[in-house]
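Just so it is clear, the values below take in all heavy atoms, side chains as well, and ignore hydrogens, waters and symmetry mates. This one's a predicted model, so the numbers in the text were calculated from it and none came from an experiment.
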Amino acid sequence: MPNRRLASFDDPAPILTRRLVQLLVGLFLYGTGIAMIVRADLGSAPWDVLTQGIVRQTGLGFGLVVVVTSGIVLLLWIPLRQRPGFGTLMNALLVGPAADLAFLAIPEGLPLWLRIVLLPAGILVVGLASGLYIGADFGPGPRDGLMTGIHRRTGWPIWVGRTAVEVAVVLAGWLLGGVVGVGTVLFALTIGPVCGWMLPRLRIRRASERVAPADAAAPGSAGAASAAETAAPVNAPAEASTGTTATAYSSASA
């Protein structure tokens, strides 16, 4: 039985390499999408409203605040008995710096027409990035894991926990000086459907989910039944891990 701490890496080199590349590309694009929405200056995503507010009150860099708040959110996983994955930690460490890099390429004070274009483009990039990093199956991001953890511990529907947390986050960020506007509403209404479309198309099948052709048999045969019995218990956890995170997006569309 493989070590649970290494289960995320229990794939042949080609599959593992693809998953790692997809994870890192997804996290870089996630930070880029955040920067696009912030530079549009028409209203940020809920957690970025909070980040902007903290930046304005403290003078700290945007990326640093993202990393610090991710660490605080991970501490909230402890009473929820959530287990962070490799992707969870990489998300906490890399999304903020990726956003800072994108800020260097996207100037402030853009014309209104360009900001109107930048806002939906940023939402699409965040949706694509979410599909990439979640589809790599290294674990959910800190904030997504918080939502699914609340769901598991309380039994509340994911949309209830997510809505309550993000309303509180937006309110706190707005009081601190974060930008709330049409972009905040547009993000809330569209990110769920965008992620829901991206996730099944970008999910990488793990080696444990793949049945070798030699083992497959004609439908209804003993060999087919044996293959199904062998594959089902292995497939279930991987499907549940990615599927639960997908639900965290689509249930609240935020």
Side-chain angles (χ1 to χ4, degrees), residues 17-74 84-136 138-145 169 173 176-181 183-184 186-187 190-191 194-195 198-199 202 245 249:
T17 300
R18 181 187 168 193
R19 290 175 59 223
L20 286 168
V21 170
Q22 181 166 313
L23 170 69
L24 296 175
V25 170
L27 295 178
F28 174 77
L29 287 177
Y30 200 100
T32 301
I34 287 174
M36 293 169 69
I37 296 170
V38 170
R39 284 291 195 247
D41 199 27
L42 295 170
S44 300
W47 285 94
D48 299 324
V49 173
L50 178 62
T51 300
Q52 286 178 302
I54 295 172
V55 167
R56 293 193 177 187
Q57 295 300 320
T58 64
L60 297 173
F62 188 96
L64 176 59
V65 173
V66 171
V67 172
V68 171
T69 54
S70 294
I72 293 172
V73 171
L74 283 176
F86 175 74
T88 309
L89 301 178
M90 290 298 98
N91 182 300
L93 293 173
L94 298 181
V95 169
D100 280 345
L101 285 175
F103 283 135
L104 297 176
I106 309 172
E108 295 183 87
L110 295 170
L112 178 60
W113 70 268
L114 188 53
R115 291 190 287 125
I116 291 174
V117 172
L118 202 58
L119 174 60
I123 293 173
L124 288 175
V125 170
V126 169
L128 171 62
S130 300
L132 287 169
Y133 92 77
I134 295 172
F138 281 106
R143 293 154 187 81
D144 296 319
V169 164
L176 292 172
V179 180
V180 178
T184 310
L186 186 63
F187 186 94
T190 61
I191 193 62
V194 172
C195 289
M198 295 287 186
L199 281 165
L202 295 173
T245 307
Y249 279 101

Which atom pair, heavy atoms only, marks the closest approach of Val179 to Thr184? O-OG1, 3.9 Å
Is any side-chain heavy atom of Thr32 less than 4.5 Å from a side-chain heavy atom of Met36? yes
Stepwise side-chain contact (heavy atoms from CB on, under 4.5 Å) test for Val169 and Val49: CA-CA 8 Å; Val169 164; Val49 173; 5.9 Å; no
Side chain to side chain, Phe62 and Ile34, heavy atoms closer than 4.5 Å: yes
Roughly how far apart are Leu202 CG and Leu128 CG, rounded to 0.5 Å? 6.0 Å
Nearest heavy atoms of Leu119 and Leu186, plus distance in Å: CD2-CD2, 3.9 Å
Kindly indicate whether the side chain of Asn91, heavy atoms from C-beta on, has any atom under 4.5 Å from the side chain of Pro142. yes
Would the number of heavy atoms belonging to other residues, nucleotides or ligands and lying under 6.0 Å from CZ of Phe103 be above 12? yes
Nearest atoms (heavy-atom pairs only) where Arg115 meets Asp41: NH1-O, 3.5 Å
Would you say the side chain of Phe187 lies within less than 4.5 Å of the side chain of Ser44, judging by non-hydrogen atoms? no
Between CG on residue Leu27 and CZ on residue Phe138, distance to nearest 0.5 Å: 10.5 Å
Out of curiosity, Ile37 CD1 to Ile191 CD1, how far, rounded to the nearest 0.5 Å? 7.0 Å
For Ala129 and Tyr30, work out which heavy atoms get closest and say how close. CB-N, 3.3 Å
With Thr88, the side-chain contact (heavy atoms from CB on, under 4.5 Å) member among Leu93, Asp144, Leu74: Leu74
Give the C-alpha distance, both sets of side-chain angles, the deciding distance and a yes or no for side-chain contact (heavy atoms from CB on, under 4.5 Å) between Leu118 and Ile106. CA-CA 10 Å; Leu118 202 58; Ile106 309 172; 4.0 Å; yes
Go through the steps to decide whether Trp47 and Leu50 satisfy the test side-chain contact (heavy atoms from CB on, under 4.5 Å), and finish with yes or no. CA-CA 5 Å; Trp47 285 94; Leu50 178 62; 4.2 Å; yes
Rounded to the nearest 0.5 Å, how far does CD1 of Ile123 lie from OG1 of Thr190? 4.0 Å
Can you tell me how far apart CG (Leu60) and CD1 (Ile54) are? Round to the nearest 0.5 Å. 9.0 Å
Looking only at heavy atoms, what is the nearest atom pair of Gln22 and Ala136, with distance? NE2-N, 3.6 Å
Derivation of the side-chain contact (heavy atoms from CB on, under 4.5 Å) call for Phe86 and Leu20: CA-CA 10 Å; Phe86 175 74; Leu20 286 168; 3.8 Å; yes
Heavy atoms only: give me the nearest Arg143-Val66 pair and the separation to one decimal. NH2-O, 3.6 Å
If you round to the nearest 0.5 Å, how far is CG of Leu124 from CG of Leu29? 12.0 Å
